Structures are given as structure tokens and as C-alpha cells.
Protein chains: 2
Amino acid sequence: MTSADDRSDADVDGRAPRRQARGQRRIEEILDAAGRVFVREGYDAATTNAVAKEAGISPGSLYQYFRNKDEIAQGLAVRYAAGLAELQRAAFDGVDPQGLSLEDLVRRVIDPVVAFNVAHPAFKTLFARTDPPPGLAEATAPLDASIHERAAALVAARAPQLAPADAARVSVVATQLVRAMMPLVVAASGAERERLAAEARSAVAAYLRVALG
Amino acid sequence: MTSADDRSDADVDGRAPRRQARGQRRIEEILDAAGRVFVREGYDAATTNAVAKEAGISPGSLYQYFRNKDEIAQGLAVRYAAGLAELQRAAFDGVDPQGLSLEDLVRRVIDPVVAFNVAHPAFKTLFARTDPPPGLAEATAPLDASIHERAAALVAARAPQLAPADAARVSVVATQLVRAMMPLVVAASGAERERLAAEARSAVAAYLRVALG
DNA sequence: GGAGAATACGAGCAATCACTCGCATATGTC
DNA sequence: GACATATGCGAGTGATTGCTCGTATTCTCC
């Protein structure tokens with residue numbers, strides 16, 4: 001996985017170009033622009049030329065930093081994986097998951113996820129798809145993996161008696177439930193958004209109460 | 001809405017061509033082929049030329065029956081809406097929903113839906129998308145509406161005390177949960193598929209038990 | 001201040017795709 | 001069997017798009 005991440009800014013020969021500070025800034029700008037375009041147009045309909053235009057650069061410059069569209073998605077996915085990991089770390093900072101009620105545990109997981117989705121609307125264009133095209137699936141695979149890893153760890157901690165296959169299924173299902181609710185929550189606003197977030201928490205908690213025995 | 005539906009077989013001048021039996025058969029063949037192509041490639045990546053080839057006809061013949069790609073999706077959606085309605089009618093034939101336990105009710109709704117998804121794998125390529133492109137959204141809007149209508153009717157029957165806004169939210173959320181689970185269920189097979197279907201039933205039932213009060 | 005590398009440009013190429021058009025054949029009706 | 005219409009064909013078109021390439025500018029380091 002780490003070697004795959006490194007490849008993302010490696011040359012065809014495996015030689016990584018040495019980025020100047022300007023280049024690093026450009027990469028961030030491109031990713032920001034890509035997020036906005038993905039939200040506006042959807043991933044499939046988004047064109048690389050549109051991303052370049054949104055970033056205020058030429059198509060040629062874009063391809064200086066990303067070899068293709070999927071690699072842009074991958075860049076965003078890496079960002080998001082880091083942001084989510086940080087959020088979850090903060091949510092459980094100095095807290096023992098075992099000591100929480102199921103409702104509190106679910107709240108601590110979902111509320112930051114909701115906040116993250118609201119703050120980064122492009123996130124769901126990459127992650128909340130039930131049938132991503134192959135290239136996008138590959139780009140977001142590490143993100144998916146890290147999310148499932150965290151979910152599986154929580155399930156294992158709460159229900160150590162569960163057979164591994166059952167635990168895996170429960171964490172996949174719970175993740176899927178959250179994934180499905182995010183577009184609904186983000187699409188709403190104000191009080192309705194909070195109500196939908198509450199429904200998401202309620203659904204996941206209710207499911208887990210049954211599934212974890 | 002009804003006039004929009006009629007427009008689908010209407011000419012530009014509003015004159016509907018009179019189909020021969022041969023033409024009706026072709027339409028069915030094209031829809032069958034489109035379903036297979038959508039499953040193989042996904043809706044966005046599927047090309048109309050590929051659909052024509054899969055159906056064993058020329059692109060020109062395809063456009064004899066469908067004005068564009070979205071209209072093919074709409075044709076499939078109409079088929080699916082009818083199939084689902086029939087399935088649900090059969091599931092509740094001579095049964096009073098009020099007299100069932102929540103678990104039985106959920107089972108009667110979800111099991112046919114699972115069977116339908118397994119039998120028609122293209123269904124989820126149209127329906128189980130969290131962010132469909134605008135054209136597809138328009139094509140599947142009637143299908144979405146009829147599904148939500150049925151869900152809302154069941155919710156209203158079970159929880160007449162719920163405010164309309166709350167009832168609507170519950171039925172939307174429940175529908176979304178089912179929608180999200182279908183790709184997981186269909187992707188699995190054999191015993192694992194049945195276990196995932198059981199998780200879907202369990203999640204929806206657990207949610208509804210809380211949400212319906 | 002000069003060499004080498006990174007950054008930047010943007011016109012345009014090659015490929016793809018939704019859809020058309022002119023014309024031929026099949027079908028149903030009188 | 002003749003007429004009208006439905007069905008059928010498939011090469012081709014106009015538009016789009018991911019991506020390249022030749023070239024010009026800016027940065028870093030000596």
C-alpha cells in the first residue's frame with residue numbers, strides 16, 4: 001500500500017521529480033479545484049480540462065502533476081483518508097471505546113463523519129458510490145481499506161466473541177449504512193440535516209445492538 | 001407526468017408511430033441487451049453502439065425506438081416499476097399489513113426485493129446510485145416515486161400518529177437503507193448472500209422499531 | 001550569471017461516442 | 001399486387017475529451 005502511494009508522484013522510470021514549493025501549492029490547488037468540479041458535475045462527467053480551468057491553469061500544467069483523471073481522484077482520496085483518520089483520532093482522544101454506551105460510541109463515530117462530509121462535499125462523490133467505475137474504485141481502494149479497518153477494529157473491540165467472518169460482515173454492513181446516509185444528510189440543511197443525522201445514528205446503533213448480540 | 005410518459009413513444013410532431021408486433025419484440029430485446037450492457041460496463045460507460053451490438057441490431061435501428069440513452073434507461077425503469085409493483089402485490093396478497101409483526105412485514109417487503117435484484121442485476125445500476133447523472137435521475141424519477149409511495153403507505157399504516165414530515169423522513173431513510181444493502185447482497189452468493197439479506201432485514205427492522213415508536 | 005530542472009502554456013491530436021441520414025426491405029391493408 | 005408505413009441498415013458526422021508536445025518562463029543551486 002505504501003509503495004502504491006509513492007508511485008503516485010513517481011515518473012514512468014520510477015524517478016520522482018523534485019517538487020518545488022510552488023509545485024506543492026499547485027497540487028493542492030488542483031485538488032481543491034477537482035473537488036469543486038466533481039461536486040458540480042459528478043465524477044464521470046467532470047473533464048480534466050474543466051478541472052484545469054477551475055484551478056486557473058492549463059491542461060498541460062495539470063498533467064505535470066497528475067498522470068490522469070483517476071490519479072486526481074486518488075490524490076483527493078489520500079487527503080480524505082488523512083483527514084478522516086485525524087478526525088477519528090480526535091474523537092477518541094483519551095477515551096476508552098469499551099467504556100462507552102453503544103449510542104455514545106456511534107455518536108462519536110458518526111458525528112465527525114457527518115461534519116467531514118458537510119465540510120468536504122466532494123468526499124461523497126468518490127466514496128458514497130455503490131458502483132464506482134473501475135478506475136475510481138482503484139483510486140479509492142486505500143481509502144476504503146482504511147475506513148473498513150477502523151470499523152472492523154471497533155467491532156472487534158465491542159464483540160470479541162464474534163467469529164471473524166461475522167465481525168467482518170457486521171462492519172461492512174455498518175459502514176455501508178453510514179455511506180448510504182451521508183448523501184441524504186448532506187443534501188438536507190439546517191434542522192432537517194440534524195434530524196437526518198439523528199436517524200443515521202439511530203439506524204446504525206439499532207443495527208449494531210442486534211448484530212453485536 | 002403522464003403526458004411526459006406518453007411523450008416517450010411520441011414523434012417530434014406528437015404523432016405516435018404504430019408499432020408492429022416485430023417492433024414491440026425489438027423494444028424488449030433492446031431493453032434486455034441494455035440491461036446486460038449496463039451491468040457489464042455501468043450506465044455511464046455503456047455506449048449506445050454497444051447496446052445495439054448486444055441486441056444484434058444496427059445503431060440506426062436502436063434509434064428507431066429510443067430517442068437517446070436516457071430513454072433506454074427510462075424504458076428499463078418502467079419495466080422494473082411494473083415488476084416490483086407486481087411482486088409487492090403478490091407479497092401482500094390477502095394479507096393485512098397491520099396484522100403482521102414488524103419483522104414479518106420487513107421480511108415480506110425485503111425478500112421479494114432481494115429476489116428481484118438478483119433476477120435483474122441491471123436494476124441496481126439504475127436505482128442504487130447515490131448520485132445519478134441528471135438524465136438518469138429524470139429517467140428513474142417515476143420509479144423512485146412509485147417506490148417511495150409504497151414505502152410511505154406502509155409507514156403511514158404502521159404509525160398513523162407520526163407527523164407527515166416525520167413519516168416521510170422515516171420512509172426515505174428506510175428506502176435508502178434497503179437501496180444501500182442491495183449491491184452488497186447481490187455481489188455475494190450462496191450462503192453469504194442469505195446472511196447479508198438477513199442483515200438487511202435486521203437493520204431495517206431495528207431502525208423501524210425505533211423510528212416508528 | 002549560468003546550467004539544469006521544474007513549472008507553465010495552449011493549440012491540437014487521436015480516439016470515442018451519441019446520434020443522423022439516405023436508402024433498402026418487410027409488413028399490413030385495401 | 002399496390003400502396004403506405006414500419007422496420008432495418010451502417011457508414012459517417014459533429015462534438016467532446018483525455019491527454020501530448022514543442023516551447024517558453026521561472027526557480028534552485030553552484
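This one's a predicted model, so the numbers in the text were calculated from it and none came from an experiment. Quick note on labels: first sequence line is chain A, next is B, and so on, each numbered from 1.
- Salt-bridge formation is detected for the pair A:Arg26/A:Glu29: a Lys NZ or Arg NE/NH1/NH2 atom is positioned less than 4.0 Å from an Asp or Glu carboxylate oxygen.
- Side-chain contact between B:Phe66 and B:Leu31: present, with at least one pair of heavy atoms (C-beta onward) separated by less than 4.5 Å.
- The two residues B:Ala73 and B:Leu136 have their closest heavy-atom pair at CB-CD1, 3.8 Å.
- Judged by the 6.0 Å distance and 45° axis criteria, A:Lys69 is positioned over the aromatic ring of A:Tyr43.
- Near DNA chain D, meaning a heavy atom under 4.0 Å from it, residues 28-55 of chain B has no residue at all.
- Side-chain nitrogen and oxygen atoms of B:Tyr65 include none within less than 4.0 Å of the OP1 or OP2 phosphate oxygen of D:dA6.
- Residue B:Leu62 is classed as having no contact, given no heavy-atom separation below 4.0 Å to the nucleic acid.
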Letter by letter from the 5' end, nucleotides 20-30 of chain D scores (B base, S sugar-phosphate only, - none; protein heavy atoms under 4.0 Å) B------S---

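- Residue B:Arg26 places at least one side-chain N or O under 4.0 Å from the OP1 or OP2 atom of D:dG8.
- With hydrogens and angles disregarded, no donor-acceptor distance shorter than 3.5 Å links the side chain of A:Gln176 to the backbone of B:Leu184.
- Rounding to whole angstrom units, CD of residue B:Gln64 and P of C:dC21 are separated by 13 Å.
- For the pair B:Ile57 and B:Gln64, the minimum side-chain heavy-atom distance is 4.5 Å or more.
- Atom pair A:Ile27:CD1 and C:dA6:C1' shows a separation of 12 Å (rounding to whole Å applied).
- Between the side chains of A:Tyr80 and A:Thr140, no donor-acceptor pair of N or O atoms lies under 3.5 Å.
- Evaluation of the salt bridge (Lys or Arg N to Asp or Glu O under 4.0 Å) test over residues 108-117 of chain A, restricted to residues two or more places apart or in two chains, returns A:Arg107-A:Asp111, A:Asp111-A:Arg201.
- Distance A:Ile72 CD1 to D:dT17 P: 14 Å, rounded to the nearest Å.
- Note: B:His120 and B:Phe116 have tilted aromatic rings, judged against thresholds of 30 and 60 degrees for the angle between ring planes.
- In this model, the phosphate group of C:dG10 is not approached by any side-chain N or O of A:Ser58 to a distance below 4.0 Å at OP1 or OP2.
- Between A:Arg19 atom CZ and C:dA8 atom P there is a gap of 10 Å when expressed in whole angstrom units.
- Distance A:Asn68 CG to C:dA15 P: 18 Å, rounded to the nearest Å.
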